[in-house]
Number of protein chains: 2
Amino acid sequence: MDEETDAIRQNRLPERMVDAADRRLLGALVEDATVSYAELGEKAGLSAPAAHERVKRMRRSGAIRQTVAMADPKALGKPLLAFVHVDTRGWGKTPELMAVSSFPEVEEIHTVAGDACLLLKVRTEDTRALEGLLARLYDTPGVTSTRSYVVLSTYLERPVQPGITQDWPAPKHMARPLY
Amino acid sequence: MDEETDAIRQNRLPERMVDAADRRLLGALVEDATVSYAELGEKAGLSAPAAHERVKRMRRSGAIRQTVAMADPKALGKPLLAFVHVDTRGWGKTPELMAVSSFPEVEEIHTVAGDACLLLKVRTEDTRALEGLLARLYDTPGVTSTRSYVVLSTYLERPVQPGITQDWPAPKHMARPLY
DNA sequence: ATATTCTCCGAATGAAGTTCAGCTTCAACG
DNA sequence: CGTTGAAGCTGAACTTCATTCGGAGAATAT
């Protein structure tokens, strides 16, 4: 008992596996997080307090990273979506990554295996703003070349889907910024 | 008055611009959608009913597409993230796109300007499952070649950020599937 | 200047989130 | 084999929040 509270304080949670009932809850919450716990429990075959308890645990363990509103980029004045492949030399140091992640247009940053080093997902007001972003990229030390893929139309955009019939371990660590 | 209710029935909403207060609300909701309306209003300098009213309007107009829980892909047994560029001949017809969008591993589908036709974001259990997805892609009529970028590590992954000091028109149509 | 529309606030109501005590199941252990 | 402890669920009680309503103020149009 004492070691568990101790583990919680140290942010190392000995949380449970994500079981079938948890995945049913996740499936509903990934579709719409505004439903009541009563309705949520009904869908998962649980009472409201039980559903609440499990969701709270999943938030704690990091199985549910966050609950957010998805804003329409057009309503925020950023209708242009593009993927940018960045070739670099001497990456791996965090300062450059932090510089790029501070650009407000950048939505995702990944390092990938393939003929590019970095892969960015960016949203801007127009092509002119995209050019401005590219200019700032080239000003970042280490960047050698970029390749842009401007999105013409989007056919699908959805959260991670559950739907695997197997149980998986909860993530080891709490969700936190990666740098 | 009558024409407005008529317009609502026909799904053509004559909604307002998204102003500075709306953007403050969006900024908070994009970070965390579990806050109370009282707290939300406090952050935006409004009372709880006013904040509630504006959020409701933004949901109606489509400025807020949906409110969802972000599940940790690892907790769902899909730790592998990859971007797949797909070259095709004779696209543009929806049936093929619907076939691809029915794959549960596929999270996003975009058509892009550049040396690829389609750009997919996919999550799978492992590289073997990724190969299986590629095989299903090649079985889809029209696909000629694919290029995969397996993500080694992710440094940033966040929702669309507000923060532009200008007002923008609300989206013209309600958010709905694109095909 | 008057009417109209729009948005806001404060109070009241209703519905939801949250806690609690007690019951059941299951596994560990003497 | 019986006992003990932990974990999970349920229904009821409690508390907080979402939601509605009436009225006041500002801005715009007539």
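Numbered from 1 within each chain, the chains take letters A, B, ... in sequence-line order. Values below: every heavy atom of this structure, side chains too, minus hydrogens, waters and symmetry copies.
Listed in residue order, the members of residues 48-55 of chain A having a heavy atom less than 4.0 Å from DNA chain C are A/P49, A/H52. Contacts between residues 35-44 of chain B and DNA chain C, defined by a heavy-atom separation under 4.0 Å, are absent.
Residues A/V35 and A/V68 fall into different hydrophobic clusters, defined by Ile, Leu, Val, Met, Phe, Trp and Tyr side chains chained together at heavy-atom separations under 4.5 Å.
Between the side chain of B/T144 and the main chain of B/D87, a donor-acceptor pair closer than 3.5 Å is present. In terms of modelled atom types and a separation under 3.5 Å, the side chain of A/T154 and the main chain of A/L156 share no donor-acceptor contact.
Rounded to a whole Å, the CZ atom of B/R60 is 13 Å from the P atom of D/dT19. Atom CG in B/D19 sits roughly 15 Å away from atom C1' in D/dA27 (whole-Å rounding). In this structure, CG of A/L25 is placed 10 Å from P of D/dC9, rounded to the nearest angstrom.
In terms of the side-chain hydrogen bond (donor to acceptor under 3.5 Å, both in side chains) criterion, A/H52 has no residue partners (sequence neighbours excluded).
For the pair B/K78 and B/E107, the salt-bridge criterion is not met [side-chain N within less than 4.0 Å of a carboxylate O]. For A/E105 and A/R136, the salt-bridge test passes: some basic side-chain N is under 4.0 Å from an acidic carboxylate O.
Nearest to the side-chain atoms of B/K56 among the listed nucleotides D/dC9, C/dC9, D/dT20 stands D/dT20.
Closest of all the heavy-atom pairs between B/A28 and B/K43 is CB-CD, 4.2 Å.
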- Query: Could you walk me through whether B/F83 and A/H110 pass the ring pair (Phe, Tyr, Trp, His ring centres under 6.0 Å) check?
  - Reply: CA-CA 10 Å; B/F83 291 88; A/H110 310 277; 5.3 Å; yes
